Trainee: 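Please find one structure pasted underneath; my questions will follow.
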Amino acid sequence: MSRVWKCGDNVDTDLLAPGAYMKGPIEDLAAHCLEAIDLDFAKQVRPGDVIVAGRNFGIGSSREQAAEVLVRLGVKAVIAKSFGGIFYRNAFNLGLLALVADAETEVEAGHELELDPASGTITNMSTGAQIAAEPVPEHLRRIVAAGGLVPYLEQRLEKRS
Amino acid sequence: MGMTLAEKIIARAAGQDTVRAGEIVTCRVDLAMIHDSGGPRRVKPVLERLGVKVWDNRKVVVISDHYVPAVDQQSAAILKLTREWVKDQEIESFYDQQGICHVVLPERGHLKPGMFVVGGDSHSPTGGAFGCYMFGVGATDMAGVLVTGETWIRVPETIRIDWTGSLPHGSSAKDMMLKLCATLGMDGGDYQAVEYTGGTIAGLSMTERMTMSNMAAELGAQAGLIAADDTTTDYIRAAGADPEEGTVLKGDDDAAYRVVHRFDASALGPQVAAPDSPANSGPVEEADETAIDQCYIGACTGAKLEDLRMAAEVLGGRKVASSTRLLIAPASTRVTAAAAADGTLAKLTEAGAILMPSGCGACAGYGAGVLAEGETCMASTARNFKGRMGARSSKVWLGSPYTVAATAVTGRVADPRPFLAENGR
Ligand code: SF4
């Protein structure tokens, strides 16, 4: 089960992975994730937590560190009303689940959720509410199931040889 | 029913006669472009793990532009790694500190109409100005392309944006884009394809068209297309390449568009975006005359030759106000050379502009020219997210090169038209 963090609309890649720390190691970058809007996020987020956002999560740069820092911090999924298109691809490539759903009004920070990407169902275990998400296309589920694009390609290359 | 330009290019790359919006297809990639930040340092470990080299060393272009020139040991190491990887992979096209990737790629003749191109950078839609389907991906996605020569795509719907009327003097493609950001919002493109059409677009130069396609990224579109015409093929020939190697495609008259937005360029004055989003745009005369600490003419969006000429038109014979500073980083070394040859650079430096190396530099907050806490900047760049150009509390305004130059003269957010009118007298 996953504990919820909420962060509103238009969370851009500069907020997720601030340019000033892009040269350094990913752990340092992760420590500054979202600090411009929430100084405590990187310190207090726990493995398995989920982010619930509004429109345009991950807009901006193609830097996949924006998704990678979330994976580093243990975030399991991002649920948003809409995503920046590049971020959406990056998330799956790195094994981070991205669900398109209008969940903001149905969940509060700290609530616990259960997610079923294939059917597109989110269950709020704290209130019992069910929220409909867009089902995740099969080829993306295959990539996430493999743990990301690289392990997925590894499997494909092995099959070929 | 006919196909849109986007559908035609994607169908070709997918090896199919037709594709339809919404369908997921696998495409052969004609060209992959990567830079020093998202490129070798991120894809090398993946290729090593998989034990393979790039699928085709003639179809990969590497451009070092983000961390150039090196300002510390970390950036120097990134640039060194990039050079070594290029050698190791026997990449034929490598541009080391020659300028910003989105400008260098067409400048050196790599883009031809009809190509399906993947770029490791979010402003990759710039390539759409050449009638290519070009879009940006992250590093792992790119590693997948480099290994297989293929990538998947969900065939986009096309949002047509039709511009008619000719731009008044003092307005530019940048103002058209800020207007679109304000009107359609940063998700107006909904990760679909935007296609710009109409008489205004047909009349724009290639560099102005590049600004249009570039900022399709700010509309949240996957691609920002402009069908190729004589202006396109002339540019490609001048870049020393053969446009015949590509295929000039056009959308069918009966193709299905999600929506057609119509705009009138003849009524468009200079626009500025207030911090922290390009969507916070409006006419410059309605903006607060905020004091500006730094003016920046740079980036793939706003430092091509034509952009520098716009700035020179305002700055020629004037001085940068003592309360501010003007940094200019031409988009490429070729732009610098051309601006030196035609006298543009002299006008800028005589006005007191500080000339910087070509590269991303301050635009991404990676290099020289970043902002201190609390500082404000007026920039010709594409995006002004919170803290993008430096310290967390710094603020960025966006404007055309005309507007940035006028702001440099007054030290406050300023309308360039009075200066241009004075010149005309
Ligand atoms: S100049 Fe700015 S917007 Fe353009 S590629 Fe570089 S960092 Fe990105």
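Residue numbers start from 1 in every chain, and the chains themselves are labelled A, B, ... in the order their sequence lines are given, proteins ahead of strands. Since we're looking at a predicted model, the values are computed, not measured.
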Trainee: With only heavy atoms counted, which part of Arg383(B) is less than 4.5 Å from chain A, the side chain, the backbone, both or neither?
Mentor: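 Arg383(B) touches chain A through side-chain heavy atoms alone.
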Trainee: Would His32(A) and Glu35(A) count as having a side-chain donor-acceptor pair, cut-off 3.5 Å?
Mentor: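 Yes - a donor-acceptor pair under 3.5 Å links their side chains.
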Trainee: Can you see which heavy atom on Thr82(B) is nearest to which on Pro40(B), and at what distance?
Mentor: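 For Thr82(B) and Pro40(B), the tightest heavy-atom pair comes out as CG2-CG, 3.8 Å.
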Trainee: Let me know if Ala217(B) has heavy atoms under 4.5 Å from chain A in its side chain, its backbone, both or neither.
Mentor: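 Neither part; nothing is under 4.5 Å.
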Trainee: If you round to the nearest 0.5 Å, how far is CD of Glu64(A) from CG of Asn93(A)?
Mentor: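 The CD atom of Glu64(A) is 7.0 Å from CG of Asn93(A), to the nearest 0.5 Å.
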Trainee: Ring centroids only, cut at 6.0 angstrom: are Tyr88(A) and Tyr191(B) within range, meaning strictly under it?
Mentor: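 No; Tyr191(B) has its ring centre 6.0 Å or more from that of Tyr88(A).
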Trainee: Can we call the ring centroids of Phe116(B) and Phe135(B) under 6.0 Å apart?
Mentor: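 Under 6.0 Å, so yes.
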Trainee: Chain A heavy atoms under 4.5 Å from Arg49(B): which part of the residue, side chain, backbone, both or neither?
Mentor: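 Both backbone and side chain.
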Trainee: Under 4.0 Å between a side-chain nitrogen and a carboxylate oxygen: does that hold for Asp14(A) and Arg63(A)?
Mentor: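 Here Asp14(A) pairs with Arg63(A) in a salt bridge, since their nearest N and O are under 4.0 Å apart.
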Trainee: Do you know which of Gly365(B), Gly136(B), Ala139(B), Gly51(B) has the most heavy-atom pairs under 4.5 Å to chain A?
Mentor: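 Ranked by heavy-atom pairs under 4.5 Å with chain A, first place is Ala139(B).
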Trainee: Looking at Asp141(B), Ile24(B), Asp121(B), Leu50(B), which makes the most heavy-atom pairs under 4.5 Å with chain A?
Mentor: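 Looking at each option in turn, the highest pair count goes to Asp141(B).
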Trainee: Can you tell me which portion of Glu68(A) sits under 4.5 Å from chain B's heavy atoms? Options are side chain, backbone, both or neither.
Mentor: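 Contact with chain B is through the side chain of Glu68(A) alone.
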Trainee: Using heavy-atom distances under 4.5 Å, tell me whether Asp276(B) contacts chain A through its side chain, its backbone, both, or neither.
Mentor: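 Contact with chain A involves no heavy atom of Asp276(B) at all.
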Trainee: Check each atom of Ile78(B) against the heavy atoms of chain A and say whether the ones under 4.5 Å are side chain, backbone, both or neither.
Mentor: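 Just its side chain gets close to chain A.
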Trainee: Mark yes or no: Arg89(A) above the aromatic ring of Trp152(B), with NZ or CZ under 6.0 Å from the six-membered ring centre and no more than 45 degrees from the axis.
Mentor: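 Yes, Arg89(A) lies over the aromatic ring of Trp152(B).
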Trainee: I need the residue from Met389(B), Arg42(B), Gln74(B) with the largest number of non-hydrogen atom pairs under 4.5 Å to chain A.
Mentor: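 The option with the most such pairs is Arg42(B).
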Trainee: Under a 4.5 Å heavy-atom cut-off, does chain A meet the side chain of Val43(B), its backbone, both or neither?
Mentor: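 No part of it gets close to chain A.
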